[in-house]
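Structure first, then comments.
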There are 2 protein chains.
Amino acid sequence: MGKGAHTREMILDEASELAAKIGLGGLTIGELAARTELSKSGLFAHFGSKESLQLQVLERNSTRIIDLVIRPALREPRGEPRLRGLVGRWLDWASRNGGCPLVAASFEFDDQPGPVRDRVVALQRDWLDTLTTVCATGVAEGHFRADVDPRRLAVDVEGVLLAFHVMHRLLSDPAAREYAQHGLDTLIAAAR
Amino acid sequence: MGKGAHTREMILDEASELAAKIGLGGLTIGELAARTELSKSGLFAHFGSKESLQLQVLERNSTRIIDLVIRPALREPRGEPRLRGLVGRWLDWASRNGGCPLVAASFEFDDQPGPVRDRVVALQRDWLDTLTTVCATGVAEGHFRADVDPRRLAVDVEGVLLAFHVMHRLLSDPAAREYAQHGLDTLIAAAR
DNA sequence: CCGTAGAACGAACGATCGTGCTATAATCAC
DNA sequence: GTGATTATAGCACGATCGTTCGTTCTACGG
């Protein structure tokens, strides 16, 4: 990896953290340049436009979710254990500094047309499809009843994750994780 | 109501709609002035600062939620019907133009200290307390099992609402309401 | 070790940000 | 209807926004 690529990675890391705190739209070249100790123009040259920066931040977080959440969970046994692993690792991921930037972006860009919104929509669809597939596997394995709709279950699980985000990040409720665990247990029990 | 107060209401309505779309932080005096066909300074004089405008937008939406969601639901029979009424009306509320500004603000300001965040936290706490109380009433009425933790149930319900917001506003899924209805049914069935 | 490609910089651009000041126009109390 | 109050407009400010340009420095292949 050349010097430029390395610097760009470092910028995207800082940008991800910042975006989680103040949103993708709130990202500012000047602020980001100050945090990375680069000049505005030097940083800007890496991306060519703010929108491109935003898109690359999304991409970076997408691959991080795959690496830190999805791929490890796929090593768990199929069905219910895999679902639990997926949720558990997502909760870890969202507990990091600033929470999950994709979640923040999902609520920030839900009414702002453009390439950024389009990408957020696609990523959120992908994530929900992943959840759905794992739930469907649970049905196939016999962990869940045959009449369980995997999509519905996936949406319910997504609700647990979003509620955790609010309880943990906004309300700083120390029981947030416990609530999420209980919520998942309830859903799984109801699907059994 | 004098002319000034009337104008201010009109500004806050437009500001609420705009805030739901681009966020409280993305609110801009200039853009808001253009939409309300006022001069920047004329509009600004009503609030004195952007932060005050943001806080008044929060306040306005708080009273609207009370008027459109909570108060009508409190006229339903205690317990489970009241919980269903509360959720149903919230879904109606969040289906309006731009979604619920409080939800957007909850994810936008979860890491930005200051009076705005403080108010968002307080409002979110109030809403969760309302949900919790209604759930507790369901236990007291015998609709839910005695060992149901009202707080936990309230958080789970909040998850259903947040998932609806994503499915409806971001993903434009026509089945969003159905998912939410099913999610609530599942939670209630599990609490019975 | 040199030549060149690429990385980073400084300065500046027009636009817009939030915010004051001052003047005028509209509203309201009496 | 007149006088006081209030609402709105106009203009300007310093700061910062995203972006461009030309230059300097640095890394790296030959």
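Quick caveat, the model's predicted, so the values are computed rather than measured.
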Can you build the contact string for nucleotides 6-12 of chain D? Use B for base contact, S for sugar-phosphate-only contact, and - for no protein heavy atom under 4.0 Å. -SBBBB-
Closest-nucleotide ordering on DNA chain D, the 5'-leading residue of A/Gly48 and A/Thr28: A/Thr28
Would you mind checking if A/Asp129 and A/Arg151 are paired as a salt bridge, meaning a charged N to carboxylate O distance below 4.0 Å? yes
At 10 degrees resolution, what angle do the end axes of the helix from C/dT4-D/dA27 to C/dC30-D/dG1 form when each is taken over five base pairs? 30°
When B/Val103, B/Leu91, B/Val87 are each screened for side-chain contact (heavy atoms from CB on, under 4.5 Å) with B/Phe164, the one that passes is B/Leu91
Roughly, in whole Å, what's the span from CD in B/Glu51 to C1' in C/dC17? 16 Å
Tell me what A/Leu32 touches on the nucleic acid: a base, only sugar-phosphate, or nothing, going by heavy atoms under 4.0 Å. nothing
Do B/Asp147 and B/Arg145 meet the salt-bridge criterion of a basic N to acidic O distance under 4.0 Å? yes
To the nearest 0.5 Å, what is the distance between OG on B/Ser106 and CH2 on B/Trp127? 12.0 Å
Nearest-angstrom distance from the residue atom CZ of A/Phe47 to P of D/dT19: 12 Å
Atom pair distance, as rounded to whole Å: CD in A/Glu31 and C1' in C/dC17: 16 Å
Can you check the A/Leu27 CG to D/dT16 P distance for me, whole Å? 17 Å
Please give me the minimum heavy-atom distance between A/Gly42 and A/Ser39, naming the atom from each residue. N-OG, 3.0 Å
Using whole Å, what does the distance between atom P of nucleotide C/dG18 and atom CG of B/Leu53 come to? 9 Å
Here's one to test your reading of the geometry: is the NZ or CZ of A/Arg89 within 45 degrees of the ring axis of A/Trp93 and under 6.0 Å from its centre? no
Salt bridge check: are B/Glu76 and B/Arg84 linked by an N-O gap of less than 4.0 Å? no
From CD1 of A/Ile29 across to C1' of D/dC17 the rounded distance in Å is 9 Å
Atom NE2 of A/His6 and atom C1' of D/dA27 are separated, to the nearest Å, by 14 Å
Roughly how many Å is it from CD1 in A/Ile22 to C1' in D/dC17, rounded to a whole number? 13 Å
Identify the two heavy atoms, one from A/Ala15 and one from A/Val57, that lie closest to each other, and give their separation to 0.1 Å. CB-CG2, 3.7 Å
Can you name the nearest heavy-atom pair linking B/Leu123 to B/Ser62, along with the distance? CD2-OG, 3.6 Å
